Amino acid sequence: MTNLAVTDDLFFTRTGMDSNRVEELVGELLHGMDDGELFLEYSQSESVALDDGRIRSASFDTTQGFGLRAIADEAAGYAHATELSEAAIRRAGATVRAVAAGHHGTMAEPPVGTNRQLYTDLNPLGAVDLSAKTKLLTDIDAYARSKDPRVRQVMASIAGVWQAVQIIRADGSRVADIRPLVRVNVSIMVQDGDRMETGSYGSGGRFAYERYLDPANWRASVDEALRQALVNLGSVPAPAGEMVVVLGSGWPGVMLHEAVGHGLEGDFNRKKTSAFSGLMGQRVASKGVTVVDDGTIPDRRGSLTVDDEGTPSAYNVLIEDGILKGYMQDRLNARLMGVKPTGNGRRESFANAPIPRMTNTYMLAGDKDPEEIMRSVKKGLYAVNFGGGSVDITSGKFVFSASEAYLIEDGKVGPAVKGATLIGNGPDAMTKITMIGNDLRLDDGVGTCGKDGQGVPVGVGQPSVRMDGITVGGTAA
């Protein structure tokens with residue numbers, strides 16, 4: 001069955017709504033508006049968690065509902081409900097039309113269509129039964145404990161979501177998408193004498209559970225979590241001060257996501273509240289730095305066949321060779337800024353209006369061998385993994401905690417350090433990149449981005465990079 005047929009069954013056959021009448025109703029309710037849509041969603045989610053060899057929690061949830069949005073100029077009215085009925089949609093229409101206030105606009109053209117499918121439409125939740133998921137988690141626990149006698153605690157979880165959406169516009173055009181999402185997490189605590197440390201690793205994407213039933217895949221996850229725990233067990237306090245920092249490839253791209261990516265979202269720039277506002281066409285990063293947002297990579301956690309307004313996702317160049325080339329746009333901000341939508345209109349669920357959000361945001365590779373980058377540093381910090389971080393969009397100031405980092409001494413990786421934080425300003429930090437590696441890697445599929453109280457799955461990535469003059473906060477006396 002096609003995505004449209006599957007979602008027609010969920011939203012019309014099962015609810016008793018008539019698709020033709022709903023199309024007419026949306027056209028009636030959005031008449032005279034500049035833009036808007038009816039967003040229908042059906043979602044199933046589950047999670048199973050193990051702690052110390054026992055299943056501690058298991059959950060399954062089904063939600064459904066709609067969100068109706070009407071846009072007049074830059075004002076937006078939004079109403080949502082869990083009741084899928086024509087009467088509920090009509091009541092929502094009475095609310096959202098309040099933004100019109102005599103406005104008589106011309107409805108924007110609908111997004112272009114696409115036949116592209118970036119991920120499976122199969123529901124991963126029903127493909128593997130609970131006993132198989134439970135066995136997977138208990139196998140993870142047993143394997144982790146067999147690897148090292150210092151293992152004291154093992155926590156593992158598996159989670160999945162199957163989301164079906166349909167977007168109906170005032171002209172009757174409809175687009176549907178079916179989005180699977182799975183994730184496995186492993187956390188291991190080790191102890192040596194009085195010292196205890198943890199390491200964790202997760203991976204996921206828009207595919208089914210089957211790949212995690214392959215021992216080669218889940219054992220690699222356990223090995224990585226244990227490796228990080230043992231590295232932390234031998235770490236020393238991190239130094240503080242301004243120094244050369246080398247960022248590893250892959251997940252360290254989360255710093256790029258936070259410190260730069262959010263500042264390149266259309267709403268912040270239309271309102272001129274971003275540190276990058278008004279800098280289009282100007283140099284905002286070192287020569288050689290190219291940053292893209294790409295929602296078209298098959299099976300990736302942040303990818304979307306279409307965004308939550310129905311616009312096909314795209315490969316969008318944001319910064320090219322250090323020059324600011326574009327922002328990420330939803331339909332509302334694109335129209336007000338006189339540019340095209342970029343496929344970045346995203347929402348957490350039917351209860352939220354779409355806003356400009358990232359998909360998979362990463363820096364392209366350079367031409368330097370990672371070993372050459374390391375050899376170029378006499379003394380500095382090598383940051384491989386990051387934990388929490390925050391950024392102020394207006395100023396660009398950021399603080400990031402490194403969950404795995406090492407000293408660099410005379411061009412070689414030295415001892416692991418604990419408690420290192422990177423402090424700086426996003427636009428300024430981008431100009432301090434002096435070497436870019438040829439080892440571009442994307443993260444393993446665990447990113448969730450928060451904005452305006454909404455969380456959406458995203459991807460990050462980058463090659464190894466050298467940054468000069470970065471402030472490091474440490475714990476060394």
Side-chain angles (χ1 to χ4, degrees), residues 1-43 63-73 75-100 103-117 121 162-179 304-313 330-332 334-335 341 343 345-347 349-354:
M1 296 176 69
T2 66
N3 287 351
L4 199 59
V6 172
T7 55
D8 274 352
D9 178 64
L10 290 170
F11 300 127
F12 301 112
T13 304
R14 299 189 189 185
T15 65
M17 291 197 300
D18 181 273
S19 59
N20 292 325
R21 287 202 304 268
V22 170
E23 289 177 13
E24 294 173 358
L25 181 57
V26 173
E28 173 190 334
L29 296 175
L30 298 184
H31 179 72
M33 300 295 173
D34 294 318
D35 208 348
E37 74 286 313
L38 175 68
F39 181 86
L40 301 166
E41 178 188 4
Y42 176 90
S43 180
T63 59
Q64 64 178 21
F66 73 86
L68 180 66
R69 183 174 62 153
I71 299 174
D73 195 18
Y78 195 74
H80 63 89
T82 57
E83 177 188 339
L84 288 178
S85 71
E86 294 164 33
I89 295 171
R90 186 172 291 280
R91 288 195 298 270
T95 300
V96 301
R97 286 195 62 82
V99 301
H103 183 83
H104 296 288
T106 300
M107 181 61 62
E109 290 294 317
V112 296
T114 178
N115 291 320
R116 179 184 64 193
Q117 186 68 36
D121 59 359
W162 187 77
Q163 181 195 43
V165 305
Q166 188 174 130
I167 302 157
I168 304 177
R169 301 188 55 79
D171 65 349
S173 61
R174 295 192 286 157
V175 62
D177 196 18
I178 296 176
R179 304 164 178 169
L304 293 168
T305 299
V306 294
D307 70 6
D308 293 321
E309 298 176 306
T311 304
S313 60
D330 63 348
R331 288 176 61 87
L332 185 153
R335 177 174 55 83
R346 305 189 63 187
R347 64 183 99 200
S349 75
F350 66 88
N352 308 101

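Here the structure is a predicted model, which is why all the values come from computation and not from measurement.
- Looking at Asp9, its side chain never comes within 3.5 Å of a backbone N or O of Thr13 through a donor-acceptor pair.
- Note that CG of Asp34 is 7.5 Å distant from CE of Met107, once rounded to the nearest 0.5 Å.
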- [ ] Using the side chain to side chain donor-acceptor pair (under 3.5 Å) rule, take Gln163 and Asp177 through it: C-alpha gap first, then chi angles, then the decisive distance, then the call.
- [x] CA-CA 8 Å; Gln163 181 195 43; Asp177 196 18; over 6 Å; no

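- No side-chain heavy atom of Glu37 sits under 4.5 Å from any side-chain heavy atom of Ile168.
- A donor-acceptor pair under 3.5 Å is formed between the side chain of Asp307 and the backbone N or O of Gly345.
- Comment: Arg335 does not engage Glu309 in a salt bridge, judged by the lack of any side-chain N to carboxylate O separation of less than 4.0 angstrom.
- We find the CG-CD1 distance between Leu38 and Ile89 to be 5.0 Å, quoted to the nearest 0.5 Å.
- Between the side chain of Arg179 and the backbone N or O of Leu304 there is no donor-acceptor pair closer than 3.5 Å.
- Annotation for Arg331 and Ala108: closest pair NH2-CB, 3.5 Å, computed over non-hydrogen atoms.
- The two residues Val165 and Thr7 have their closest heavy-atom pair at O-CG2, 3.6 Å.
- Counting only distance, with no hydrogens or angles, the side chain of Arg97 and the backbone of His31 share a donor-acceptor pair below 3.5 Å.
- Side-chain contact check for Val96 versus Met33: every heavy-atom pair is 4.5 Å or farther apart.
- Of all the heavy atoms in Val22 and Phe12, the pair that sits closest is CG2-CE2, 3.9 Å.
- Counting heavy atoms from C-beta outward, Asn3 and Asp121 have side chains that approach closer than 4.5 Å.
- For the atom pair CZ of Arg90 and CG of Leu68, the computed distance is 11.5 Å after rounding to the nearest 0.5 Å.
- Counting all heavy atoms, side chain and backbone alike, Tyr42 lies closest to Gln64 at CD1-OE1, 3.7 Å.
- Taking the side chain as every heavy atom from C-beta outward, Glu86 and Asp18 approach each other to under 4.5 Å.
- To the nearest 0.5 angstrom, Asp73 atom CG is 12.0 Å from Asp35 atom CG.
- For the pair Arg346 and Asp308, the minimum side-chain heavy-atom distance is below 4.5 Å.
- The main-chain N or O of Gly36 is found under 3.5 Å from a side-chain atom of Arg169 such that the two form a donor-acceptor pair.
- No side-chain heavy atom of Asp171 sits under 4.5 Å from any side-chain heavy atom of Glu109.
- In this model, a donor atom of one side chain and an acceptor atom of the other lie less than 3.5 Å apart for Ser85 and Glu83.
- Phe66 approaches Ala92 most closely through the heavy-atom pair CE1-CB, 3.7 Å.
- Considering only heavy atoms from C-beta on, Trp162 comes within 4.5 Å of Ile178 through its side chain.
- Using a 4.5 Å heavy-atom threshold, the side chains of Thr63 and Thr82 count as separate.
- Note that CG of Leu25 and CE of Met17 are 9.5 Å apart. Values are rounded to the nearest 0.5 Å.
- Residues passing the salt bridge (Lys or Arg N to Asp or Glu O under 4.0 Å) test with Arg116: none are found, sequence neighbours excluded.
- The shortest heavy-atom contact between His80 and Phe350 is CB-O, 3.4 Å.
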